[in-house]
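See structure below.
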Amino acid sequence: MNFDMFMAGRISFGAGVSATVGEKAKALGASKVMLVTDETMVSIGTAERITSYLEEAGLSVETFSQVEPEPSVETVDLAADRLKATGCDLVVGLGGGSSMDVAKAVSVLATNEGSAGAYQGLGLVEKPGIPKITIPTTAGTGSEVTFTAVLIRKSDGVKGGINSDYLYPDCSLLDPELTLSMPKKVTTETGMDALAHALEAYTSRQASPFSDTMAEAAIARIGRYLRVAALNGNDIEARSEMMLAALFGGVALANAGVTACHSMAYPLGAVFGVGHGLSNALLLPYVVRFNAMAAPEKFARAAELLGGTNYSEGLFDRAVDCADRLDELVHDLDLPTNLRELEVGIAPENFEDMAKRAMAVARPMENNPRDITLEQVISIYEEAF
Ligand SMILES: [Fe+2]
């Protein structure tokens with residue numbers, strides 16, 4: 001058995017821990033900070049709160065709040081130009097995966113020439129960036145602890161990640177109080193993204209004992225707490241457990257990768273504008289049903305962790321039960337259960353093009369526990385329709 005293990009630098013967890021951002025930034029040598037965030041964080045006052053923590057520590061702050069839901073290469077380039085013009089020496093990413101991804105990309109563009117588009121791919125970033133701190137306000141993407149920034153190129157609508165060890169944050173502040181403001185829709189969709197990360201990493205061909213431990217810890221928490229966080233948003237225990245689950249799912253994903261579900265979700269976002277979490281939530285039960293027989297012990301164990309009580313002696317039976325548990329969860333969370341319900345104009349004639357785009361997201365497809373062909377991807381889309 002061989003495996004490598006990577007983590008973000010420092011992870012601080014706990015209610016109120018975001019108030020320490022100033023001292024954490026100073027410890028990383030900062031004097032002027034760029035806060036990368038979105039308009040929602042500005043309008044609900046969270047950006048101002050984080051700014052005041054930084055200023056109280058004697059740091060000056062430049063705010064960039066133009067991050068969009070599916071962030072683009074162009075937005076990263078704009079933020080990086082602003083960073084260079086203002087002389088910031090540390091980046092804080094505040095928000096969901098989009099803001100954190102942009103912050104991570106900006107930190108390496110501060111020291112690597114040219115446009116973010118030049119670095120989409122694996123291992124193309126040449127030099128370490130300036131220090132970066134991530135502060136998630138959702139519980140799902142895991143971006144706070146991963147080495148990826150997923151960006152869309154506006155010119156051709158293609159989505160691609162900048163993947164580099166230089167993108168690992170130096171510090172991540174996980175403050176469950178910041179997730180109390182999340183509406184139910186965001187809670188459920190990001191929570192299902194975290195579950196996809198954990199379950200896909202768990203059943204990935206790259207899985208290791210380390211990623212398995214993280215993945216199991218995430219799956220069990222999501223099975224127990226996602227419904228509560230969605231239905232009783234002020235329950236700080238449920239919010240804390242979901243934030244931990246997203247963290248563990250992110251660590252599992254960074255170390256074992258994701259599988260076919262994430263590849264198949266890409267075209268839903270890139271072509272039809274469906275959110276990342278929702279795309280994965282919708283496809284996950286269908287992909288698990290396809291995969292179950294190929295990694296039966298893992299899927300049977302996942303079904304149990306999700307609260308399944310199928311005590312049948314048949315291993316394959318218990319593996320398929322995982323898909324049933326996911327159907328149940330998606331139903332309880334009031335999420336759409338098929339592609340038609342999305343009402344974004346997806347039709348069967350799109351499936352071949354979607355499947356080709358999904359197959360092009362090759363690494364997750366290679367990690368998939370069951371060998372998968374273009375025709376099979378098309379038939380999973382058909383099932384999901
Ligand atoms: Fe994801």
Side-chain angles (χ1 to χ4, degrees), residues 11-26 28 30-71 75-76 78-79 82-83 86 88 90-104 106-107 132-144 169 171-191 193 229-244 246-247 275 277:
I11 297 169
S12 296
F13 185 94
V17 82
S18 58
T20 66
V21 63
E23 66 187 67
K24 299 289 184 343
K26 277 172 83 174
L28 288 165
S31 58
K32 185 165 188 182
V33 175
M34 175 173 264
L35 178 64
V36 173
T37 190
D38 61 36
E39 282 304 327
T40 305
M41 287 301 119
V42 173
S43 67
I44 65 174
T46 308
E48 198 185 326
R49 218 164 108 191
I50 298 299
T51 300
S52 70
Y53 296 146
L54 289 163
E55 287 174 347
E56 281 161 20
L59 298 161
S60 57
V61 181
E62 175 75 20
T63 301
F64 179 89
S65 61
Q66 286 145 267
V67 178
E68 65 271 56
E70 299 276 336
T75 297
V76 172
L78 192 66
R82 174 100 71 84
L83 179 132
T86 52
C88 294
L90 182 140
V91 189
V92 172
L94 170 73
S98 303
S99 292
M100 292 187 285
D101 279 8
V102 170
K104 286 150 62 182
V106 167
S107 101
K132 48 201 159 294
I133 297 175
T134 47
I135 309 177
T137 59
T138 63
T141 70
S143 174
E144 62 270 21
C171 174
S172 186
L173 301 176
L174 307 184
D175 185 344
E177 283 181 356
L178 297 183
T179 66
L180 291 171
S181 58
M182 248 195 304
K184 181 182 169 197
K185 184 176 151 58
V186 183
T187 302
T188 55
E189 293 179 7
T190 55
D193 187 29
L231 299 174
N232 182 10
N234 284 318
D235 187 318
I236 189 75
E237 184 195 6
R239 292 296 197 182
S240 297
E241 294 292 339
M242 280 307 300
M243 190 156 233
L244 271 184
L247 164 68

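Computed from a predicted model, the values in this text were never measured in an experiment.
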Mind checking the [atom1]-[atom2] spacing from [X] to [Y]? Nearest 0.5 Å is all I need.
{"X": "I135", "Y": "L94", "atom1": "CD1", "atom2": "CG", "result": "5.5 Å"}
{"X": "M242", "Y": "T138", "atom1": "CE", "atom2": "OG1", "result": "10.0 Å"}
{"X": "L174", "Y": "I11", "atom1": "CG", "atom2": "CD1", "result": "6.5 Å"}
{"X": "L35", "Y": "I50", "atom1": "CG", "atom2": "CD1", "result": "7.5 Å"}
{"X": "T188", "Y": "D193", "atom1": "OG1", "atom2": "CG", "result": "11.5 Å"}

Can you find a heavy atom in the side chain of [X] that is under 4.5 Å from one in the side chain of [Y]?
{"X": "F64", "Y": "T75", "answer": "yes"}
{"X": "R49", "Y": "L178", "answer": "yes"}
{"X": "E39", "Y": "V42", "answer": "yes"}
{"X": "V67", "Y": "M41", "answer": "no"}

Side chain to side chain donor-acceptor pair (under 3.5 Å) partners for [X], two or more places apart:
{"X": "T51", "value": "none"}
{"X": "S31", "value": "D89"}
{"X": "K184", "value": "D334"}
{"X": "T46", "value": "none"}

Give a yes or no on whether the backbone of [Y] and the side-chain of [X] come within a donor-acceptor separation of less than 3.5 Å.
{"X": "D38", "Y": "E68", "answer": "no"}
{"X": "R239", "Y": "N234", "answer": "no"}
{"X": "K24", "Y": "C171", "answer": "no"}

Sorted by chain and residue number, the salt bridge (Lys or Arg N to Asp or Glu O under 4.0 Å) partners of K32 (sequence neighbours excluded) come out as none
Contacts of E177 meeting salt bridge (Lys or Arg N to Asp or Glu O under 4.0 Å) (sequence neighbours excluded), chain-then-number -> none
For the student: nearest non-hydrogen atoms of [X] and [Y], plus distance:
{"X": "V33", "Y": "A25", "value": "CG2-CB, 4.5 Å"}
{"X": "V106", "Y": "A79", "value": "CG2-CB, 3.6 Å"}
{"X": "G233", "Y": "L180", "value": "O-CD2, 3.5 Å"}

So, using side-chain contact (heavy atoms from CB on, under 4.5 Å) as the criterion, who are the partners of [X] when residues are at least two apart?
{"X": "A103", "result": "V36, V91"}
{"X": "S240", "result": "F13, P176, I236"}
{"X": "T134", "result": "M100, K104, E144, P169, S172"}
{"X": "E48", "result": "none"}

Residues 90-101 vs side-chain hydrogen bond (donor to acceptor under 3.5 Å, both in side chains), sequence neighbours excluded, gives D101-S143
**Request:** Determine, step by step, whether M182 and T137 satisfy the side chain to side chain contact (heavy atoms under 4.5 Å, CB included) criterion, reporting the C-alpha distance in whole Å, the side-chain angles of both residues, the deciding distance to 0.1 Å, and the verdict.
**Result:** CA-CA 8 Å; M182 248 195 304; T137 59; over 6 Å; no
Practice prompt. Show your working on side chain to side chain contact (heavy atoms under 4.5 Å, CB included) between L28 and K132 and close with a plain yes or no.
Written response: CA-CA 9 Å; L28 288 165; K132 48 201 159 294; over 6 Å; no
So salt bridge (Lys or Arg N to Asp or Glu O under 4.0 Å) across residues 52-67, not counting sequence neighbours, yields E62-R82
